[in-house]
There are 2 protein chains.
Amino acid sequence: METNHAVDALAALAQETRLTAFRLLVEAGPEGIAAGEIARTLDVPPPNLSFHLSALVHAGLVTSRRDGRQVIYAADFDAMDTLVGFLAQNCCRGEGGCLPSLERTGCAPKARAGKA
Amino acid sequence: METNHAVDALAALAQETRLTAFRLLVEAGPEGIAAGEIARTLDVPPPNLSFHLSALVHAGLVTSRRDGRQVIYAADFDAMDTLVGFLAQNCCRGEGGCLPSLERTGCAPKARAGKA
DNA sequence: GGGTCATTTCAAGAATTATCGAAACATGGA
DNA sequence: TCCATGTTTCGATAATTCTTGAAATGACCC
């Protein structure tokens with residue numbers, strides 16, 4: 001991941017409405033949520049939300065597809081993995097155990113017996 | 001980690017000069033680097049860099065201490081761990097293995113035999 | 001086609017953030 | 001004390017981003 005791309009992704013999440021929307025999409029899983037429902041849940045005017053959602057799409061963190069009249073947005077989990085991976089590398093340069101928080105989240109790769 | 005704090009930390013890293021400076025500080029380790037040296041390395045005017053460094057300090061990602069005439073900045077690894085942990089939780093809600101990239105970085109907690 | 005719902009685009013203004021040069025501040029040494 | 005060095009603060013400007021309401025687009029149903 002290049003620095004520029006990382007800056008874009010970080011900037012996309014560095015805004016309250018967008019971060020909250022993204023968390024909502026992550027919770028919703030691959031099925032995603034319609035734009036209107038996000039707007040209602042977050043109590044954000046639709047044009048405003050549309051602006052922020054397209055920022056997330058532009059940053060590659062979210063995908064969109066049309067379903068009838070609705071537009072469904074969904075988190076791109078691979079992109080998030082890439083971003084977290086980038087940050088991890090910039091946090092500890094590969095020294096094992098430098099991200100102890102990950103133990104609590106359970107998000108790290110499954111432990112393999114004997115591997116250090 | 002509250003959403004607001006996460007937004008602050010993300011915003012701090014969502015700028016090229018700051019992200020580059022932070023990577024430099026991570027590479028330098030706990031000993032840190034003097035402000036002037038960072039400015040020279042990044043070829044950024046000192047007042048400009050000072051502005052960005054204080055943004056990183058304000059976000060809690062970096063610490064500063066004076067050493068004679070110089071001010072030494074150092075990455076706060078705990079803060080970075082907290083941020084990555086926050087993102088991880090917002091990425092996969094605790095489902096194991098949702099951040100495969102971490103396997104490559106080697107940053108995740110050491111695997112424990114038998115633990116899944 | 002006409003009507004309605006869901007969403008986006010547009011244009012303008014407000015707010016925030018970044019950059020720059022000049023000046024101020026702090027430290028150490030002559 | 002005076003000077004030199006390293007860094008920050010100040011003030012102004014430039015650039016970017018956010019918000020808002022109005023209008024446009026796209027899809028469905030009659």
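The sequence lines fix the lettering, A, B, ..., with proteins before strands; numbering per chain opens at 1. Atom set for the values below is all heavy atoms of this structure, side chains included, hydrogens, waters and symmetry mates excluded. Nothing here was measured: the structure is a model prediction, and the numbers come from that model.
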Legend entry - Positions of residues 48-62 of chain A (non-hydrogen atom under 4.0 Å from DNA chain D), listed by number: A/N48, A/F51, A/H52

Legend entry - Rounded distance in Å - CZ (A/R40) to P (C/dA6): 7 Å

Inset, instruction - Can you see which heavy atom on B/L102 is nearest to which on A/L102, and at what distance? - result: CD1-CD1, 3.5 Å

Inset, instruction - Please check if A/L24 and A/F51 belong to a single hydrophobic cluster, counting links between Ile, Leu, Val, Met, Phe, Trp and Tyr side chain heavy atoms closer than 4.5 Å. - result: no

Inset, instruction - Respond yes when some side-chain nitrogen or oxygen of A/Y73 is under 4.0 Å from OP1 or OP2 of C/dT8, and no when none is. - result: yes

Inset, instruction - Send over the distance from A/Q15 CD to C/dT16 P, rounded to a whole Å. - result: 12 Å

Inset, instruction - Specify the separation, in whole Å, of atom CD of A/E16 and atom P of C/dT16. - result: 13 Å

Legend entry - Heavy-atom pair with the smallest gap, counting every atom of A/Q89 and B/T105: CG-CG2, 3.5 Å

Legend entry - Euclidean distance, B/L83 CG relative to B/D8 CG, rounded to 0.5 Å: 11.0 Å

Provide a list of protein-nucleic acid N or O atom pairs under 3.5 angstrom, restricted to nucleotides 23-30 of chain D.
residue: D/dC28; atom: O2; partner: A/R69; partner atom: NH2; Å: 3.4

Inset, instruction - Kindly indicate whether the side chain of B/L13, heavy atoms from C-beta on, has any atom under 4.5 Å from the side chain of B/L56. - result: yes

Inset, instruction - Take atom CG of B/L10 and atom P of C/dT17, then tell me their distance rounded to the nearest Å. - result: 14 Å

If you look only at distance, which donor and acceptor atoms sit under 3.5 Å apart when one is on a side chain in residues 71-78 of chain A and the other is two or more places apart or in another chain?
residue: A/D76; atom: OD1; partner: A/D78; partner atom: N; Å: 3.1
residue: A/D76; atom: OD1; partner: A/A79; partner atom: N; Å: 3.0

Legend entry - Nucleotide C/dT27, atom C1' - distance to CD1 of B/I72 in whole Å: 13 Å

Inset, instruction - Check every strand shown and say whether A/A34 touches a base, only sugar-phosphate, or nothing at a heavy-atom separation below 4.0 Å. - result: sugar-phosphate

Inset, instruction - Check the hydrophobic clustering (I, L, V, M, F, W, Y; side-chain heavy atoms under 4.5 Å; chains of links allowed) and say if B/M1 and A/L19 are grouped together. - result: yes

Legend entry - Any B/R18 side-chain N or O less than 4.0 Å from OP1/OP2 of C/dA18: yes

Legend entry - Atom pair SG/CG of B/C107 and B/L99 - distance to nearest 0.5 Å: 12.0 Å

Inset, instruction - Indicate, with a heavy-atom threshold strictly under 4.0 Å, whether B/P45 touches base, sugar-phosphate, or nothing. - result: sugar-phosphate

Inset, instruction - Any chance you could measure B/D81, atom CG, to A/R104, atom CZ, to the nearest 0.5 Å? - result: 7.0 Å

